[in-house]
Amino acid sequence: MTIPLDPDEDTARDWLLQELSKGEYQQAKPNPIDQFFNDLWEWFASLFNFTPNGAFGINPAWIFIILGIIAVVVLVVIFGRPRAVARRRAEHGAVFLDNDTRTVAQLRAAADAAAAMSDWSLALTERYRAIARGLADRTVIRLRPGTTAQGVAAAAAAPFPGEVAELRRASGSFDQVRYAGLAASEDDYRQVRELDARLEHTRPHLLPEPEVLTR
């Protein structure tokens, strides 16, 4: 039988399959792991337009994606970090946390409950918060996010000139307990409690409102 020198399409495909089925071709075939990494490289190369001759180019669509990612990172660094630092600075030394909305009565009750258990540190901090809340409710001082114990004492000094020394002492005790981790004594708590009682029953020396001149 004479083998045709110009086979048709079906015959040529059969010859090719027979040739590739030989052992030397099957041994040269990549294993599944090699095939996976080959497919992965082809996908990665398609993103950056690696050409067969070694030329390199970036897909224009990916240029905008990369620039967008860089812009987001820059915005986070520029605007996010200063705000985070400012927030940490505001929280450090603050009398109240953002979610503390307790009333004066609730704060005093919490202080009394802590004192009943001889937890003088908690009792002192809660009583000082009661002082701050009470003065704010009477519009003697204005509480803002991040207001510190020293800020409360400084704001209350002018309306209560006779309590300047005690206000400073109480604010110092609050900071030592709340942020320096020192334990308060019963005497420390008693000083803050008595200050709270005096301030509640003392009329503040408020600055007079400016006179309105009329013609």
Side-chain angles (χ1 to χ4, degrees), residues 76-215:
V76 170
V77 171
I78 292 177
F79 295 101
R81 181 176 177 80
R83 290 182 179 180
V85 172
R87 183 169 57 251
R88 287 195 296 269
R89 288 178 178 175
E91 291 175 352
H92 180 71
V95 176
F96 293 100
L97 300 178
D98 292 340
N99 59 349
D100 193 343
T101 59
R102 290 175 295 174
T103 65
V104 177
Q106 290 172 330
L107 290 166
R108 287 173 178 158
D112 291 339
M117 296 185 295
S118 298
D119 189 345
W120 307 117
S121 296
L122 179 59
L124 186 147
T125 55
E126 297 290 56
R127 182 65 68 168
Y128 192 85
R129 291 187 176 110
I131 291 176
R133 185 76 76 195
L135 295 178
D137 289 348
R138 295 164 62 187
T139 67
V140 176
I141 67 172
R142 179 178 299 177
L143 291 177
R144 296 180 176 85
T147 297
T148 64
Q150 300 294 332
V152 171
F160 301 99
E163 300 289 355
V164 172
E166 292 301 310
L167 284 165
R168 290 176 179 173
R169 179 183 172 186
S171 62
S173 297
F174 179 91
D175 287 341
Q176 289 177 356
V177 171
R178 183 70 177 84
Y179 299 105
L182 301 180
S185 65
E186 183 177 359
D187 288 340
D188 294 329
Y189 169 67
R190 184 181 298 110
Q191 180 266 331
V192 178
R193 184 190 63 191
E194 292 174 354
L195 174 63
D196 182 26
R198 290 196 305 272
L199 292 176
E200 184 184 12
H201 296 93
T202 302
R203 183 176 180 179
H205 296 274
L206 301 179
L207 294 176
E209 296 183 0
E211 182 181 356
V212 178
L213 299 179
T214 59
R215 294 183 179 179

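Every value quoted in this text rests on a predicted model; they were computed, and no experiment measured them. All residue numbers in this chain count up from 1 along the given sequence.
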*Asks:* Can you confirm whether Arg168 is buried at CZ, in the sense that more than 12 heavy atoms of other residues, nucleotides or ligands lie under 6.0 Å from that atom?
*Replies:*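 No - once you tally the heavy atoms of other residues, nucleotides and ligands closer than 6.0 Å, there are 12 at most.
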*Asks:* When you compare the side chain of Arg144 with that of Thr147, does any pair of heavy atoms fall below 4.5 Å?
*Replies:*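 SC-SC contact between Thr147 and Arg144 confirmed.
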*Asks:* Indicate the atoms forming the closest heavy-atom contact of Ser171 with Ala149, along with that distance.
*Replies:*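 In this case the closest contact between Ser171 and Ala149 is CB-O, 3.4 Å.
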*Asks:* Let me confirm one number: the CG-CZ distance from Leu124 to Arg190, rounded to the nearest 0.5 Å.
*Replies:*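 That separation rounds to 12.0 Å.
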*Asks:* Carefully, step by step, assess Ile131 and Leu107 under the rule side-chain contact (heavy atoms from CB on, under 4.5 Å).
*Replies:* CA-CA 9 Å; Ile131 291 176; Leu107 290 166; over 6 Å; no
*Asks:* Going by heavy atoms in the side chains, are Arg127 and Asp112 under 4.5 Å from each other?
*Replies:*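 Yes. Closest side-chain heavy atoms under 4.5 Å.
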*Asks:* With the side chain counted from C-beta on, respond yes when Gln191 and Leu195 share a heavy-atom pair under 4.5 Å apart, and no when they do not.
*Replies:*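 Answer yes - side chains close enough.
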*Asks:* Throw together a table of side-chain donor-acceptor distances under 3.5 angstrom for residues 134-141, partners on residues two or more places apart or in other chains.
*Replies:*
| residue | atom | partner | partner atom | Å |
| --- | --- | --- | --- | --- |
| Arg138 | NH1 | Leu199 | O | 2.6 |
| Arg138 | NH2 | Thr202 | O | 2.9 |

*Asks:* Closer than 3.5 angstrom, by distance alone: can the side chain of Arg129 be matched with the main-chain N or O of Val95 as a donor-acceptor pair?
*Replies:*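 Flag set: sc Arg129 to bb Val95 pair under 3.5 Å.
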*Asks:* Checking Glu194 now: which residues fulfil side chain to side chain donor-acceptor pair (under 3.5 Å) with it, not counting sequence neighbours?
*Replies:*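 For Glu194 there are no side chain to side chain donor-acceptor pair (under 3.5 Å) partners, ignoring immediate neighbours.
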*Asks:* Ignoring hydrogens, what is the shortest heavy-atom contact between Thr125 and Leu122? Give both atom names and the distance.
*Replies:*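 Taking Thr125 first and Leu122 second, the nearest heavy atoms are OG1-O, 2.9 Å.
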*Asks:* Can you tell me if Arg108 uses its side chain to pair, donor with acceptor, with the backbone of Ala130 under 3.5 Å?
*Replies:*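 Not at all, since once roles are kept as given, no pair shorter than 3.5 Å links the two residues.
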*Asks:* Quick check against the 3.5 Å criterion: does Ser121 have a side-chain atom that pairs as donor or acceptor with the backbone of Ala184?
*Replies:*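 Confirmed, Ser121 side chain pairs with Ala184 backbone.
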*Asks:* Minimum heavy-atom separation for Ala123 to Ala115, with atom names?
*Replies:*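 Taking Ala123 first and Ala115 second, the nearest heavy atoms are CB-N, 3.7 Å.
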*Asks:* For the backbone of Phe174 and the side chain of Tyr179, can you confirm whether one donor and one acceptor N or O come within less than 3.5 Å of each other?
*Replies:*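 It does not hold such a pair.
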*Asks:* Just by modelled atom types, is the Thr103 backbone N or O under 3.5 Å from a matching donor or acceptor in the Gln106 side chain?
*Replies:*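 Indeed, once roles are kept as given, a pair shorter than 3.5 Å links the two residues.
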*Asks:* Between CZ of Phe96 and OH of Tyr128, what distance do you get to the nearest 0.5 Å?
*Replies:*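 Answer for the CZ-OH pair, Phe96 versus Tyr128, is 10.0 Å.
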*Asks:* Got a second to check how far Ser173's OG is from Arg178's CZ, nearest 0.5 Å?
*Replies:*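 Rounded to the nearest 0.5 Å, the OG-CZ separation comes to 15.0 Å.
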*Asks:* Would you name the heavy atoms of Val164 and Pro161 that are closest together and state the gap between them?
*Replies:*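 Looking at all heavy atoms of both residues, the closest pair is CG2-O, 3.2 Å.
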